[in-house]
Amino acid sequence: MNSTEMEQPLELQSDKSDNIAINEVQLVLAEKRTGLSVMRTGIAFLALPISVLSVLIAMSKYYDYLQVLHLLIPLGLILLLLTALGSYLIIRSVIRMKHYDQLIHKIKTKHHQIEEFIE
């Protein structure tokens, strides 16, 4: 602590500490929102292969597999990569959500005055 912080009343220091805690929680919640948008992107990456496969299955009586095999193999690889990427984004996001919840819990236990405002 520097000399100006020591001269401040205890109540003012407590208010400053509460403000810092609130800012920390806001930062963690902003990161959590970003993680949720990453999860939403991962879900979209998972929905695309399902949609393409549905169309291919529905239209399968109109084409011969051997004639379009040179198109189906690269398409299958792309769909597999999209599925892997979507799964990775969702799993990573869920893990980060748990981490953010733990950070918020630590802040709540450290600053009891703001505990009533955060669920």
*Is it the case that one hydrophobic cluster holds both Leu29 and Ile95, taking links as side-chain heavy atoms less than 4.5 Å apart, direct or via other members?*
no
_Pairwise distance CG(Leu103) to NZ(Lys108) - rounded to 0.5 angstrom_ = 12.5 Å
*Starting at CG of Leu48, measure out to CG of Leu85 and round the result to the nearest 0.5 Å.*
11.0 Å
*Between the main-chain N or O of Leu56 and the side-chain N or O of Tyr63, is there a donor-acceptor pair closer than 3.5 Å?*
yes
*Can you tell me how far CG of Asp64 sits from CG of Leu69, rounded to the nearest 0.5 angstrom?*
10.0 Å
*Specify the closest pair of heavy atoms between Gly35 and Ser93, including all atoms of both residues, with the distance to one decimal.*
O-OG, 2.6 Å
*asked:* Counting C-beta onward and ignoring hydrogens, is there a side-chain heavy-atom pair between Met39 and Leu89 closer than 4.5 Å?
replied: no
*Contact list for residues 19-33, test salt bridge (charged side-chain N to carboxylate O under 4.0 Å, His left out), sequence neighbours left out*: Lys32-Asp101
*Would Leu75 and Val68 show up in the same hydrophobic cluster when neighbours are defined by side-chain heavy atoms closer than 4.5 Å?*
yes
Under 3.5 Å, which donor-acceptor pairs do the side chains of residues 40-47 form with other protein atoms, sequence neighbours left out?
unit_1 : atom_1 : unit_2 : atom_2 : d
Thr41  : OG1    : Ser37  : O      : 3.0

*Would Tyr62 and Ile57 show up in the same hydrophobic cluster when neighbours are defined by side-chain heavy atoms closer than 4.5 Å?*
no
_Gap separating the OH atom of Tyr100 from the CD1 atom of Ile104, nearest 0.5 angstrom_ = 10.0 Å
*With side chains defined as the heavy atoms from C-beta onward, is the minimum distance between Val52 and Leu82 less than 4.5 Å?*
no
_Would you compute the distance between atom CD1 of Ile20 and atom CD1 of Ile107 and round it to the nearest 0.5 angstrom?_
11.5 Å
*With Leu79 as reference, evaluate Ser51, Pro74, Pro49 under the side chain to side chain contact (heavy atoms under 4.5 Å, CB included) test and give the passing residue.*
Pro49
*Please step through side-chain contact (heavy atoms from CB on, under 4.5 Å) for the pair Arg96 and Thr34, ending with a clear verdict.*
CA-CA 10 Å; Arg96 292 184 73 72; Thr34 303; over 6 Å; no
*Can you tell me if OH on Tyr88 sees more than 12 non-hydrogen neighbours from other groups inside 6.0 Å?*
no
*Under 4.5 Å between side-chain heavy atoms, hopping through other hydrophobics if needed: is there a path connecting Leu80 to Leu53?*
no
*From Ile78 CD1 over to Thr83 OG1, what is the distance, rounded to the nearest 0.5 angstrom?*
11.5 Å
